[in-house]
Structures are given as structure tokens and as C-alpha cells.
Asks: 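My questions will all concern the structure given below.
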Amino acid sequence: MPYVHQHLRLGVNIDHVATVRNARGGTHPDPVRAALLAAEAGADGITAHLREDRRHIADSDIERLTAEIGLPLNFEMAATGEMLAIALKHRPHAACLVPERREERTTEGGLDVVGGHNHLAPIIAKLRDAGIRVSLFIAPDRPQLDMAARLGAPVVELHTGPYCHAAAGALRAAELKRMAEAAAHGHGLGLEIHAGHGLDFETVGDVAALPEVAELNIGHFLIGEAIFVGLGPAIRRMRLTMNAARA
Ligand code: PXP
């Protein structure tokens, strides 16, 4: 029997609710209200990225998300001293290290954990010591996975951007194969496998069907779709699409 991670979790990224709010300033639409609605619609967790330039999520959003939502918070952060201090202050359930500068990323946009090993090791250790589950957002490449395991991160999030952006057909199939191989390899190393970036109703099924994947993080498409059908229905349909693919 092949390994199948039983419950495929859906993390809803609410960054772009804050993007719309910030377009005008003020408090509407409120990302915390979106997080509460996402919980009602079947999200298993909420993801938010506090960027160095605060272009969407603000410090006060992180404070309110940790205090007011009943779901685990996945705090996406650059590997900087400033973000580490904020994570240690709020102690989210999980912290996902993501690249913010060009030199921190691989050609495919994931965090370069091979090149950044010395810089990342102490940050990962401090987050882990604080009881925060560390995840590394990486390209689906063996060397990156091997180094993630050596760095002691319990989780990796595989970057699905190249798969989602590839034209449907042979190119996308090749990217999916890379994802499948990386998920199996990472699982073999003892890593919990998450995936995300760019997923929509069309692309989510094949990734949800990868048996080692335990969690998908999805934001931009769901917030965009919410304009047409509402956030609850968009999330419910995503959940059903994931469930159907996993079954
Ligand atoms: N996972 C990570 C690590 C991300 O940084 C993001 C946001 O870019 C996502 C998932 C969600 O991507 P999207 O908003 O394209 O669904």
C-alpha cells in the first residue's frame, strides 16, 4: 500500500484581503473577518505573510489573528532579525520561511536553503526552540529537500508556481512529475510535505492527489474568486475539489 497522508489540510492565505483594504486605507475589508469566515467554510488554518514593506498584512493584523481566530496561524516570514522577533513575540502555530529578496531565492522562486544554510540555521533553531513549527518554502528539488532535512526543519512547502504557470499539456505534466518526485523524496527524508502558490480550481486536483502532501496553502485565487461568488462558497468549492482529488 502506498503512503497516503490522511487528511489534506487547506490553509487559506488572507493577505489579499489586506491588499484591498490598504488600497484605500481604513479598516475594510478586514482580514480577521475573512479568517473567521474561512474557518466557518472549512479552512484548517490561516496563512498570513507580514512583508518587510507591510504591503498587505500589518503588524496589528498578526496581533489580532493570533488573538481572535480559533485556527492555527501559519506566519509567513522572511528570514530576518525583525521577523524573527515578531514570530517569537506572537508564537504562531507555524512559521514558513519565504524569500523576500532576489538573492535569497532559487531560479524558480523558492527559498535557496542550500546557499542560505549558514544564515538560516540559527533562525530555524530559535523558532523551533520556541515551539513554532518551521516550514521552508522551496522549489521541488532534491538538493533543497536534502538541505531542509539537514537543517532540522520538520516541514517543507513545495513551490507550485512553476507547475501552475506552465501551459497545460506536456510542460505542466513535467512540472507535476517533479512535484511528485519531490513529495516522495521529502517524505522519505521524514519531512512533512506542504504545497502552494498559484493554485486554482483547475490546478489544485493533481497536487491534492499527491499522496504525501499534507497541506495546501491557497490565497490569491480564493480572494479573487470571492469577488464573484463570495469567500465561503469559493473555499467550500476548493475543499470539495481537493477532497474529490484525494479520494
Ligand atoms: N505558500 C507560500 C509560501 C506563499 O508565499 C504564498 C503566497 O505567495 C502562497 C502559498 C499562496 O499563494 P497564492 O496566493 O498564489 O495562492
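Just so you know, ligand 1 is whichever comes first in the structure, and atom 1 is the first atom listed for that ligand.
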Asks: To check your reading of the model: name the closest protein heavy atom to atom 16 (O) of ligand 1, its residue, and the distance in Å.
Replies: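 Minimum-distance protein heavy atom for atom 16 (O) of ligand 1 reads Gly219 N, 2.8 Å.
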Asks: Using the rule given for ring pair (Phe, Tyr, Trp, His ring centres under 6.0 Å), can you reason through His90 versus Phe75, listing the C-alpha separation, both sets of side-chain angles and the distance that settles it, and then say yes or no?
Replies: CA-CA 10 Å; His90 293 296; Phe75 178 63; 7.7 Å; no
Asks: Have a look at Glu76, His49, Arg51 and point out the one with the heavy atom closest to atom 9 (C) of ligand 1.
Replies: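 Among Glu76, His49, Arg51, the closest heavy atom to atom 9 (C) of ligand 1 belongs to Glu76.
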Asks: Please list the nearest protein heavy atom to atom 11 (C) of ligand 1 with its residue and the distance rounded to 0.1 Å.
Replies: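 Residue, atom and distance for the closest contact: Asn217 O, 3.8 Å.
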Asks: Starting from atom 1 (N) of ligand 1, which protein heavy atom do you reach first, and at what distance in Å?
Replies: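 Checked against all protein heavy atoms, atom 1 (N) of ligand 1 sits closest to Glu157 OE2, 2.4 Å.
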Asks: Which residue pairs pass the ring pair (Phe, Tyr, Trp, His ring centres under 6.0 Å) test when at least one of the two sits in residues 113-132, sequence neighbours left out?
Replies: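 Qualifying pairs: none.
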Asks: Return the closest protein heavy atom for atom 7 (C) of ligand 1 as residue, atom name and distance.
Replies: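 Sorting protein heavy atoms by distance from atom 7 (C) of ligand 1 puts Asn13 ND2, 3.8 Å first.
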Asks: If we count only N and O atoms by modelled type, under 3.5 Å, do the side chains of Asn74 and Glu76 hold a donor and an acceptor together?
Replies: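 Short answer, no.
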Asks: Going by side chain to side chain contact (heavy atoms under 4.5 Å, CB included), name the residues that satisfy it together with Ala85, two or more places apart in sequence or in a different chain.
Replies: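 With sequence neighbours excluded, Ala85 shows a side chain to side chain contact (heavy atoms under 4.5 Å, CB included) to no residue whatsoever.
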Asks: With a cut-off of 4.0 Å, which atoms of ligand 1 are near a heavy atom of Val98?
Replies: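 Those of ligand 1 that fall under 4.0 Å from Val98 are 3 (C).
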Asks: If you draw the axis of the six-membered ring of Phe201, does the NZ or CZ of Arg237 fall within 45° of it and under 6.0 Å from the ring centre?
Replies: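 Cation-pi check for Arg237 and Phe201: passes.
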Asks: Around atom 15 (O) of ligand 1, find the nearest protein heavy atom and jot down its residue, atom name and distance.
Replies: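 In this structure, atom 15 (O) of ligand 1 has Gly198 N, 2.8 Å as its nearest protein heavy atom.
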Asks: Which heavy atom of the protein is the closest neighbour of atom 8 (O) of ligand 1, given with residue, atom name and distance?
Replies: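 That would be His197 ND1, 3.2 Å.
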Asks: Any heavy-atom pair between the side chains of Leu127 and Leu97 that's under 4.5 Å?
Replies: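 Of all side-chain heavy-atom pairs linking Leu127 with Leu97, at least one is under 4.5 Å.
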